Amino acid sequence: MPRLKKSGACAAGLPTLTSGDLTLYDRLTLIITDDVAEHVFHPIRDPASHALDVMSWLTRRALRP
């Protein structure tokens, strides 16, 4: 993960966490369509199964009329 300047993360509105003197992005997944954030998965409680959560959401979205 790249190190962030706190002002950059705040300007983007992304969730961060601080550990010692490091400010890091919190774990999240963005679904972006046509340059617009369509869906945000946050917080990600179980990283091991998160890919299945995303695939499930994408499948439901594709089945919408």
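Heavy atoms only: backbone and side chains are in, while hydrogens, waters and symmetry mates are out. This one's a predicted model, so the numbers in the text were calculated from it and none came from an experiment.
With sequence neighbours excluded, no residue forms a side-chain hydrogen bond (donor to acceptor under 3.5 Å, both in side chains) with S19. Partners of R45 according to the side-chain hydrogen bond (donor to acceptor under 3.5 Å, both in side chains) rule, which considers only residues two or more places apart in sequence or in another chain, do not exist here. Scanning for side-chain hydrogen bond (donor to acceptor under 3.5 Å, both in side chains) contacts around S49 gives D46, with sequence neighbours left out.
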* Apply the test side chain to side chain contact (heavy atoms under 4.5 Å, CB included) to residues I44 and T29: give CA-CA distance (whole Å), side-chain angles for both, the deciding distance (0.1 Å), then the verdict. => CA-CA 8 Å; I44 297 173; T29 299; 3.6 Å; yes

* **Derivation of the side chain to side chain contact (heavy atoms under 4.5 Å, CB included) call for E38 and R61** => CA-CA 11 Å; E38 183 175 339; R61 180 185 171 272; 2.4 Å; yes

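One finds the CG atom of L30 at 10.0 Å from the NE2 atom of H39 (value rounded to the nearest 0.5 Å).
At least one donor-acceptor pair closer than 3.5 Å links the side chain of T59 to the backbone N or O of M55.
In this structure the side chain of H42 reaches within 4.5 angstrom of the side chain of D26, judged on heavy atoms. Under the 4.5 Å side-chain criterion, counting only non-hydrogen atoms from C-beta, L58 is in contact with I31. Side-chain contact check for R27 versus F41: every heavy-atom pair is 4.5 Å or farther apart. Residues T16 and L24 fail the side-chain proximity criterion, which asks for heavy atoms closer than 4.5 Å.
Hydrophobic clustering (side-chain heavy atoms under 4.5 Å, transitive across Ile, Leu, Val, Met, Phe, Trp, Tyr) keeps L52 apart from V54.
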